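This is a predicted model, so every value here is computed, not measured. Scope of the values below: all heavy atoms of this structure, side chains included, with no hydrogens, waters or symmetry mates.
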Amino acid sequence: MAATLCGRLFPTSGWLPLSQIVRHGSKAVTRHRKPMHFLKQKLMAVTEYIPPTPAAPPAALAPRVRKTEEESALAVLLRKDLENLFKECKMIAVVQNNAINAEDLMVLKHKLKRHNISVKFFPNQVTRSFLSNSIYSNMLPLFVGQTVIFVSKEPKVKEMLQALKHSPQMVLLGACIENTLLSYQGILSYSKLPSMTTIQGEIVGGLTMMTSRTVSMLRHHPAHLSALLQQYVKQQGSGDSTNAVTDKDTSIIQEAAA
């Protein structure tokens, strides 16, 4: 019994099992679906269920109402002040503020105030809203970033440029002078023009010279004629036949009279 068990547990060399599993090579069998018949494809396409389009919710159909923000009372007041400035002032210059400190700004204000030039600060939102609906709409591109407005009732361009020479933080962008929009180069050209007083003096001097010249030309021929006539009377009164008026003098008198 023990020998039988030992023989089963410890097989001898060359022992082969009674049964062996042998796998034979074979093709993998997969079921291929047969293509649907052409008529059936047509039938399926015709009878395919098409769900209805879902209706839009009522909130989507209602028009959206945009809420318009009303201008504050301060914005309306600033806009009116800006409108009055454009009506009363002949020179409105736009200057870009590049972080000038308070002390330099105070000095610049004092220099400009000597020539009756004021410095005004307005928010760009208020300025752009006013310019967009006015005849000064071409000035809109100038109001970008931190800007300052120099205003004066008379166009004092030379004084403004002299004051800005010592303030490099303030850059002149453009100006509206006597309802004419000028660039920086245009402002420089305008500053080189003579003042109105000088032009008026030159015009008055020219007119006075022309008037005096006209008067002298009108008085020349009568004075010459009177001198010749006086000489003729003297010669006739003296009774000297040798000093009688010659034909040449007579012709001169006729020409002067003509």
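- With sequence neighbours excluded, no residue satisfies salt bridge (charged side-chain N to carboxylate O under 4.0 Å, His left out) with R128.
- What you find for A175 and A93 is that their closest heavy atoms are CB-CA, 3.7 Å.
- At most 12 non-hydrogen atoms from other residues, nucleotides or ligands lie less than 6.0 angstrom from CD of E103.
- In the hydrophobic clustering (ILVMFWY side chains linked at under 4.5 Å, chained through shared members), L172 is joined by M91, V95, I100, L105, L108, L112, I117, V119, F121, V148, F150, V157, M160, L161, L164, M170, I177, L182, Y184, I187, L188, Y190, L193.
- For residues 129-138, every residue pair satisfying the side-chain hydrogen bond (donor to acceptor under 3.5 Å, both in side chains) rule, not counting sequence neighbours, is listed here: Y136-N179.
- With a 4.5 Å cut-off on side-chain heavy atoms, T127 and Q125 do not count as touching.
- A donor-acceptor pair under 3.5 Å links the side-chain atoms of S189 to the main chain of Q185, judged by distance alone.
- Across all their heavy atoms, C89 and S152 have their closest contact at CB-O, 3.3 Å.
- Annotation: the span from S118 atom OG to I149 atom CD1 amounts to 11.5 Å, rounded to 0.5 Å.
- Follow the hydrophobic side-chain contacts under 4.5 Å out from L181 and you reach L173 in the same cluster.
- For K87, the salt bridge (charged side-chain N to carboxylate O under 4.0 Å, His left out) test picks out E83, with sequence neighbours left out.
- Here H37 pairs with L39, K40 under the side-chain contact (heavy atoms from CB on, under 4.5 Å) rule; sequence neighbours left out.
- Counting non-hydrogen atoms of other residues, nucleotides and ligands closer than 6.0 Å to CE of M36 gives a total above 12.
- A continuous path of hydrophobic side-chain contacts links L74 to V126 [ILVMFWY only; heavy atoms under 4.5 Å].
- Residues K111 and Q162 form no side-chain contact, since every pair of their non-hydrogen atoms from C-beta on lies 4.5 Å or further apart.
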Inset, instruction - I would like to know whether E154 and N116 meet side chain to side chain contact (heavy atoms under 4.5 Å, CB included); could you show each step before the answer? - result: CA-CA 9 Å; E154 296 296 330; N116 296 326; over 6 Å; no

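- For M139 against C176, the heavy-atom pair with the smallest separation is SD-CB, 3.8 Å.
- Follow the hydrophobic side-chain contacts under 4.5 Å out from L82 and you reach L140 in the same cluster.
- Closest heavy-atom contact between Y49 and P52: OH-CD, 3.8 Å.
- In summary, the side chains of N101 and D104 do present a donor paired with an acceptor at a separation below 3.5 Å, with no hydrogens or angles considered.
- By the side-chain contact (heavy atoms from CB on, under 4.5 Å) test, K42 pairs with F38, sequence neighbours left out.
- Of the N and O atoms on the side chains of T147 and N124, at least one donor lies less than 3.5 Å from an acceptor on the other residue.
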Inset, instruction - Please report the C-alpha distance between F130 and F86 in whole Å, then the side-chain angles of each, then the deciding distance to 0.1 Å, and finally whether the side chain to side chain contact (heavy atoms under 4.5 Å, CB included) criterion is met. - result: CA-CA 11 Å; F130 164 72; F86 273 83; 3.6 Å; yes

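- Within 6.0 Å of CD on Q41 lie more than 12 heavy atoms contributed by other residues, nucleotides or ligands.
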